[in-house]
**Q** 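One structure is given below, represented as C-alpha cells, and several questions about it will come after.
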Amino acid sequence: MINTALTGAAGLGQPLLHSKKTNKLARQRAALQLLSGAGSGRSRDSFTISSEARKFSRESIVALVDKSANVSREELSYYFANYKNPRAILDAINFSEGVSCGYNPAFKDYGVMRFHYNGSRQIVPLYAVPKMSAGALSEIHAVNNTLVLDDKSYYAWTAPSGRRYPWAVFNGYVGWASSEVMLAEDKDMNRGENSDRWKMRKAGNILSNLAQGRGLWEELYSRKEVLATCEKVGIKPGFFSIDAGAGKHTYILQESGDVINVSKEIKYLSSTNWINAGYKEGDTFSVYGNEYAIDSSGHIHVSEDDAFTAMKVKFPRRSI
C-alpha cells in the first residue's frame, strides 16, 4: 500500500491510500466523469474540448469504453482520425444518417453519441462533441420568395422565446442541428407544445418536407402553422421556391395556408403524352398564366424557371 495524490475530474488534488488495483479503478472513475460530463462546471466554447478531457489519451478512453459499453475500436475510428478536429466531428454528426444518443443504460452512462458515416456505425464520446453558438450564424431567410440554403451548412433560428438556436441543412433536411438536440439539457428545454423544442420541430418538419418536395399533411400541420413558418422565413402568399440541397422545388402558398406543389404539377404536365390522352397536336394549355402547345411528340414543355403570373392550370377543350 502506498500514499499518493490523485487529480480528479474537477482538477483537485486528493490524498489517497490505495493499492495498484484501487488506483486503476480511481482513474477509470475519473475518466467516466469526463466522458459523461460530470464533475466539472466548466462550459465549453463553440469548437473546443475541455483541457481536463485531454488528460486522458484516446487509447485509455477507448479501452475503458471497449470494456464497459461493448464498443469496438472500429466504431471509434472517425473519432480517432479527427481527435484534434472538433469541427469535422460536428459536421460528421450533423451531416450523416442515423444520429442518436445511446439511450440504453451502457451508452447513456458513458456519454456516447453515434451516427452512420460512409456505411459504418461510428461513435464519439459526448465530451468531444462541440457545443455551437448561434450568435455568428446567418438567420434563415428567403429573398423575393426564394429560399436558398447551402447544403451541409449551419444557420440560426430564432424561436418564439427569442432564443437563437443553431440549425443544420443537409440534403433537404432543415432543422435544429442534431448535435445540439442530443446535448440539450432537459432541465433547460421544456417539452410542452408551447416550448421552443416543440415549435422548432414543427417548423423544421414543414421546411424539410417542402425542401424535399413532399406533401404537407393537414393532420400533422395546420394551415396556421404552415403560414406562420413561411412568414417566419420571409415567404409570402404566392409563388415561392426552396432549395436546401435536395433540388429546387416550387410551390404556391395560398392565403388560406394551403400549399400547391407546382414542381409536381409541372412534372406531370410535361411527362404526359397528351395526344394519347385524347388531345391533338397544337392544342394549347394555359399553365400558371403561360400558354404551351402540344408538339408532334404529344408533349408540352414547361419549366420551373418560367415566369408564372397566374395560379391555375387550364386544359384545352378535348375533341372527341
Side-chain angles (χ1 to χ4, degrees), residues 35-37 43-50 53 78-79 82-83 85-103 107-108 111-118 121-142 147-191 195-212 214 229 232-234 242-246:
L35 284 170
S36 64
S43 61
R44 291 172 293 178
D45 296 329
S46 295
F47 299 110
T48 60
I49 297 173
S50 66
Y78 187 88
Y79 166 58
N82 295 279
Y83 183 63
N85 188 354
R87 177 57 187 261
I89 291 174
L90 185 74
D91 289 351
I93 292 170
N94 288 313
F95 306 140
S96 298
E97 304 291 342
V99 180
S100 67
C101 257
Y103 288 118
F107 281 118
K108 189 173 183 181
V112 179
M113 192 175 292
R114 55 192 175 190
F115 55 96
H116 289 98
Y117 186 82
N118 288 341
R121 189 176 78 158
Q122 292 294 309
I123 290 175
V124 173
L126 280 185
Y127 84 80
V129 180
K131 186 81 170 73
M132 290 192 290
S133 171
L137 299 176
S138 299
E139 194 86 17
I140 295 175
H141 195 73
L147 181 62
V148 178
L149 302 174
D150 294 333
D151 194 24
K152 297 185 178 181
S153 295
Y154 299 104
Y155 292 86
W157 179 271
T158 302
S161 67
R163 184 177 176 182
R164 284 166 63 92
Y165 294 87
W167 276 30
V169 175
F170 171 53
N171 195 29
Y173 166 82
V174 183
W176 193 13
S178 297
S179 62
E180 294 290 303
V181 176
M182 301 301 174
L183 293 174
E185 297 282 349
D186 284 344
K187 63 181 180 180
D188 298 327
M189 187 60 59
N190 189 298
R191 294 176 181 268
S195 67
D196 286 353
R197 179 188 293 270
W198 183 271
K199 291 184 178 298
M200 285 197 297
R201 180 182 179 185
K202 283 274 188 176
N205 286 343
I206 289 171
L207 291 176
S208 295
N209 280 7
L210 293 173
Q212 295 169 31
R214 294 155 55 187
T229 298
K232 173 74 174 174
V233 299
I242 179 170
D243 187 343

**Q** Under 3.5 Å, side chain of Lys152 to main-chain N/O of Gly245, donor-acceptor pair present?
**A** no

**Q** How about Trp167 and Leu149: do any of their side-chain heavy atoms sit closer than 4.5 Å?
**A** no

**Q** Which atom names give the shortest non-hydrogen contact between Ser179 and Met132, and what distance separates them?
**A** OG-CE, 4.1 Å

**Q** Could you pull out the closest heavy-atom pair between Ala134 and Ala156, with the gap in Å?
**A** O-CB, 3.8 Å

**Q** May I have the step-by-step check of side chain to side chain contact (heavy atoms under 4.5 Å, CB included) for Ile140 and Val174, ending in yes or no?
**A** CA-CA 10 Å; Ile140 295 175; Val174 183; 4.1 Å; yes

**Q** Could you tell me which residues satisfy salt bridge (Lys or Arg N to Asp or Glu O under 4.0 Å) with Arg164, sequence neighbours excluded, listed by chain and number?
**A** Glu139

**Q** Is Tyr155 reaching over with its side chain to a backbone N or O of His141, donor-acceptor style, under 3.5 angstrom?
**A** no

**Q** Using the ring centroid of each side chain, check whether Phe95 and Tyr154 are separated by less than 6.0 Å.
**A** yes

**Q** Could you tell me which non-hydrogen atom of Ala211 sits nearest to which non-hydrogen atom of Gly172, and how far apart they are?
**A** CB-O, 3.5 Å

**Q** So, the side chain of Asn85 versus the backbone of Ala88: is there a donor-acceptor pair under 3.5 Å, distance only?
**A** yes

**Q** Say you draw a straight line from CG of Asn205 to OH of Tyr173; how long is it, rounded to the nearest 0.5 Å?
**A** 8.0 Å

**Q** Hey, does the Lys NZ or Arg CZ of Lys199 hover above the aromatic six-ring of Trp157, less than 6.0 Å from the centre and inside 45° of the axis?
**A** no

**Q** Indicate the atoms forming the closest heavy-atom contact of Asp196 with Arg163, along with that distance.
**A** OD2-CB, 4.1 Å

**Q** Whether the side chain of Asn94 engages the backbone of Ser178 through a donor-acceptor N/O pair (distance < 3.5 Å, no angle test) should be reported.
**A** yes

**Q** At what distance, to the nearest 0.5 angstrom, does CG of Leu90 lie from CG of Asn82?
**A** 11.5 Å

**Q** Out of curiosity, Glu180 CD to Tyr165 OH, how far, rounded to the nearest 0.5 Å?
**A** 10.0 Å

**Q** Given 3.5 Å as the limit, does a donor-acceptor pair link the side chain of Tyr79 with the main chain of Gln122, or not?
**A** no

**Q** Tell me, do Val99 and Val181 make a side-chain contact under 4.5 Å, heavy atoms counted?
**A** no

**Q** How long is the span from the OH atom in Tyr78 to the CD1 atom in Ile123, to the nearest 0.5 Å?
**A** 15.0 Å

**Q** To the nearest 0.5 angstrom, please state how far the CZ atom of Phe170 sits from the CG atom of Asp91.
**A** 11.0 Å

**Q** Could you give the distance from CE (Met200) to OG1 (Thr158), rounded to the nearest 0.5 Å?
**A** 10.5 Å

